[in-house]
Amino acid sequence: MKKKIFSGVQPTGNLHLGNYLGAIKNFVSLSNDNENECIFCVVDLHAITVTQDPAILRENIRETVATFIASGIDPKKSIIFNQSQVVAHAEAAWILSCTAKMGWLNRMTQFKEKAGKDKEKASVGLYSYPILMAADILLYDSTHVPVGNDQKQHLELCRDIAQKFNNDFKVDDFFKIPEPLIQKEFSRIMSLKDGSKKMSKSDLSDLSRINLTDEKDEILNKIKKAKTDSLSIPTNIKEFVDRPEARNLIGIYSSLASMTFEDTIQKFSGKNFSELKENLSQILIDNLNPISNEIKKLLKEKSYLDKILEDGCQKADNIASKKIKKIHDIVGF
Ligand code: TYM
């Protein structure tokens with residue numbers, strides 16, 4: 001049985017190292033394996049759960065496609081499309097919102113973080129967004145979903161929704177129960193300014209993240225200014241307790257070098273941070289520069305990017321429209 005891989009990325013600009021190491025790098029290796037059928041979705045319906053400028057959103061959708069391709073996803077082998085153009089997503093999200101329970105959604109920590117103190121002012125879409133995510137995954141009978149650690153709870157919710165729908169309508173195995181694919185060793189890239197906070201596109205400080213389009217000088221500057229502590233690099237994993245910034249920098253290095261965390265500790269143990277930072281800047285530049293150059297080149301080829309989306313949408317719609325018809329039938333429409 002081929003694995004059916006599905007994942008999504010929001011086109012909200014500033015795609016960063018967290019998106020790359022937590023998700024996109026994994027998309028690339030999964031899509032290079034001929035045993036897998038891969039679908040990568042630019043989730044523009046998710047993006048409008050917070051205010052967007054329409055002209056910028058349109059550009060960001062293209063930039064996300066460019067990032068997928070520049071990172072190594074071949075649009076001839078994988079389906080790349082944007083969510084809003086396949087109507088079944090919004091429709092399935094509505095139907096599944098009648099299966100999901102308020103209590104389940106109330107537990108979602110990401111909504112609490114994103115809505116902040118003033119929940120009353122958050123959009124209803126921001127609250128129900130994990131249901132749309134479940135619709136995305138379930139429409140394609142996805143078996144595996146590669147994501148960063150921050151999406152783990154949303155995937156558990158997706159599994160609960162699928163299970164409940166199958167039970168409620170006595171349609172065993174209609175929705176496949178998807179498995180999360182989350183990097184084992186280092187699945188959460190933290191802010192360069194605060195090791196207790198996730199690296200995020202919404203952080204007001206650009207120094208907190210490495211953007212995939214950053215130039216060499218920006219990478220050097222950001223790593224130079226990255227927060228550390230006054231001790232030297234730990235000699236074993238236990239010594240990383242209470243040293244989140246050291247853990248993050250070592251983790252980023254190990255991910256980029258495809259080395260285990262343990263081996264990376266051995267490489268730098270006892271050394272000072274300036275040596276780690278020098279090596280880290282270099283490996284970041286080596287890995288990200290080719291991607292960044294390719295993104296910039298592809299962004300000039302708008303009609304090429306639009307054509308990829310158009311083709312991808314047709315293929316995705318072909319699959320999703322069949323599934324939504326069956327859903328109609330099951331619920332009694
Ligand atoms: P989004 O757009 O916030 O992030 C895209 C992917 O990047 C990962 N990621 C990180 N991984 C490690 N460290 C970080 N600091 C970091 N920041 C982001 C995310 O885990 C994600 O894998 N709701 C999703 C998009 C989505 C989706 C889906 C994913 C919509 N439908 C269906 C999978 C399947 C989101 O907002 O991701």
Side-chain angles (χ1 to χ4, degrees), residues 9-10 12-25 49-50 108-119 122 126 129 147-154 182-257 261 264-265 268-269 271-285 287-288 292:
V9 174
Q10 292 198 49
T12 35
N14 288 343
L15 286 184
H16 53 74
L17 188 68
N19 299 124
Y20 181 68
L21 292 179
I24 299 171
K25 191 169 177 242
T49 56
V50 295
M108 296 298 114
T109 53
Q110 196 171 91
F111 173 74
K112 291 177 194 156
E113 277 161 27
K114 284 197 176 173
K117 287 198 186 85
D118 204 352
K119 282 200 203 60
L126 189 68
Y129 130 153
V147 281
N149 184 286
D150 61 318
Q151 297 297 324
K152 193 167 174 232
Q153 197 184 29
H154 293 161
I182 299 176
Q183 316 275 48
K184 282 201 187 66
E185 279 219 295
F186 194 60
S187 57
R188 201 176 176 90
I189 314 296
M190 309 311 275
S191 155
L192 297 178
K193 288 275 138 204
D194 177 351
S196 66
K197 267 173 51 187
K198 186 180 83 163
M199 184 178 285
S200 148
K201 31 191 155 186
S202 52
D203 197 314
L204 292 177
S205 166
D206 196 51
L207 289 175
S208 68
R209 65 182 161 261
I210 303 283
N211 301 308
L212 296 181
T213 47
D214 279 347
E215 299 286 347
K216 187 175 163 191
D217 288 350
E218 288 169 293
I219 295 179
L220 284 168
N221 184 41
K222 286 178 180 179
I223 295 299
K224 195 167 134 209
K225 295 203 170 130
K227 189 176 170 197
T228 51
D229 51 43
S230 52
L231 306 171
S232 56
I233 314 275
T235 50
N236 65 62
I237 227 161
K238 285 188 202 130
E239 290 174 26
F240 279 94
V241 178
D242 299 329
R243 299 186 62 189
E245 285 83 18
R247 188 178 192 289
N248 194 36
L249 296 183
I250 289 281
I252 295 174
Y253 187 94
S254 74
S255 247
L256 288 165
F261 200 70
T264 315
I265 298 173
F268 293 105
S269 76
K271 303 208 164 113
N272 51 36
F273 279 103
S274 61
E275 193 166 342
L276 169 63
K277 283 184 167 186
E278 226 169 84
N279 280 269
L280 183 56
S281 299
Q282 197 51 53
I283 199 166
L284 275 165
I285 291 165
N287 275 265
L288 299 188
S292 150

A.B. asks: Between Leu192 and Leu207, is any pair of side-chain heavy atoms under 4.5 Å apart?
C.D. replies: no

A.B. asks: Indicate the atoms forming the closest heavy-atom contact of Ala246 with Phe273, along with that distance.
C.D. replies: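 Shortest heavy-atom contact: CB-CZ, 3.7 Å.
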
A.B. asks: Would you give the length of the straight line joining atom CZ of Arg243 to atom CD1 of Ile250, rounded to the nearest 0.5 angstrom?
C.D. replies: 9.5 Å

A.B. asks: Give the minimum heavy-atom separation between Met108 and Gln153, together with the two atoms involved.
C.D. replies: CA-OE1, 3.4 Å

A.B. asks: Could you tell me which non-hydrogen atom of Ser232 sits nearest to which non-hydrogen atom of Lys271, and how far apart they are?
C.D. replies: CB-O, 3.4 Å

A.B. asks: Do the side-chain N and O atoms of Asp203 and Ser205 include a donor-acceptor pair separated by under 3.5 angstrom?
C.D. replies: no

A.B. asks: Mind checking what makes side-chain contact (heavy atoms from CB on, under 4.5 Å) contact with Gln10, not counting sequence neighbours?
C.D. replies: Thr12, Val43, His46, Ala47, Lys114, Tyr129, Lys201

A.B. asks: If you measure from CG on Asp214 to CD1 on Ile285, what distance do you get to the nearest 0.5 Å?
C.D. replies: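 It comes to 10.5 Å.
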
A.B. asks: I need the Glu218 CD to Thr213 OG1 distance, nearest 0.5 Å.
C.D. replies: 7.5 Å

A.B. asks: Provide the closest heavy-atom pair for Asn279 versus Glu275 in the form atom of the first, atom of the second, distance.
C.D. replies: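 Smallest interatomic distance, heavy atoms only, reads ND2-O, 2.8 Å.
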
A.B. asks: State whether the side chain of Lys277 and the backbone N or O of Ile223 hold a donor-acceptor pair below 3.5 Å, judged by distance alone.
C.D. replies: yes

A.B. asks: Check the surroundings of atom CG in Asp118: do more than 12 heavy atoms from other residues, nucleotides or ligands lie under 6.0 Å from it?
C.D. replies: yes

A.B. asks: Does NZ or CZ of Arg247 lie under 6.0 Å from the centre of the six-membered ring of Phe186, at an angle within 45° of the ring axis?
C.D. replies: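 No, Arg247 and Phe186 do not form such a contact.
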
A.B. asks: Could you tell me which residues satisfy side-chain hydrogen bond (donor to acceptor under 3.5 Å, both in side chains) with Lys225, sequence neighbours excluded, listed by chain and number?
C.D. replies: Asn221

A.B. asks: Using modelled atom types and a 3.5 Å cut-off, is there a donor and acceptor pairing between side-chain atoms of Ser255 and backbone atoms of Ile252?
C.D. replies: no

A.B. asks: Apply the side-chain contact (heavy atoms from CB on, under 4.5 Å) test between Leu249 and each candidate in Thr264, Ile233, Leu276; give the one that qualifies.
C.D. replies: Leu276

A.B. asks: List the steps, then state whether side chain to side chain contact (heavy atoms under 4.5 Å, CB included) holds for Ile265 with Asn236.
C.D. replies: CA-CA 7 Å; Ile265 298 173; Asn236 65 62; 5.6 Å; no

A.B. asks: Tell me, with the steps shown, if Leu15 and Tyr20 meet side chain to side chain contact (heavy atoms under 4.5 Å, CB included).
C.D. replies: CA-CA 8 Å; Leu15 286 184; Tyr20 181 68; over 6 Å; no

A.B. asks: Find the distance between NE2 (His16) and OG (Ser191) and round it off to the nearest 0.5 Å.
C.D. replies: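 So the NE2 of His16 and the OG of Ser191 are separated by 10.5 Å.
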
A.B. asks: At their closest point, which heavy atom of Ala122 faces which heavy atom of Ala115, and how far apart are they?
C.D. replies: CB-CB, 3.9 Å

A.B. asks: Can you establish whether the number of heavy atoms outside Lys152 located under 6.0 Å from its atom NZ is more than 12?
C.D. replies: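 Not more than 12 within 6.0 Å, no.
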
A.B. asks: List in chain and number order the residues that pass side-chain hydrogen bond (donor to acceptor under 3.5 Å, both in side chains) with Asp206, two or more places apart in sequence or in another chain; answer none if no residue qualifies.
C.D. replies: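 Expected list: Arg209, Asn211, Lys222.
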
A.B. asks: How long is the span from the CG atom in Leu256 to the CD1 atom in Ile283, to the nearest 0.5 Å?
C.D. replies: 5.5 Å

A.B. asks: Side chains of Thr235 and Glu239: donor-acceptor distance under 3.5 Å anywhere?
C.D. replies: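 Yes, because at least one side-chain N or O of Thr235 sits under 3.5 Å from a partner of the opposite role on Glu239.
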
A.B. asks: What distance separates Gln183 CD from Ile189 CD1, expressed to the nearest 0.5 Å?
C.D. replies: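 Answer rounded to 0.5 Å: 8.5 Å.
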
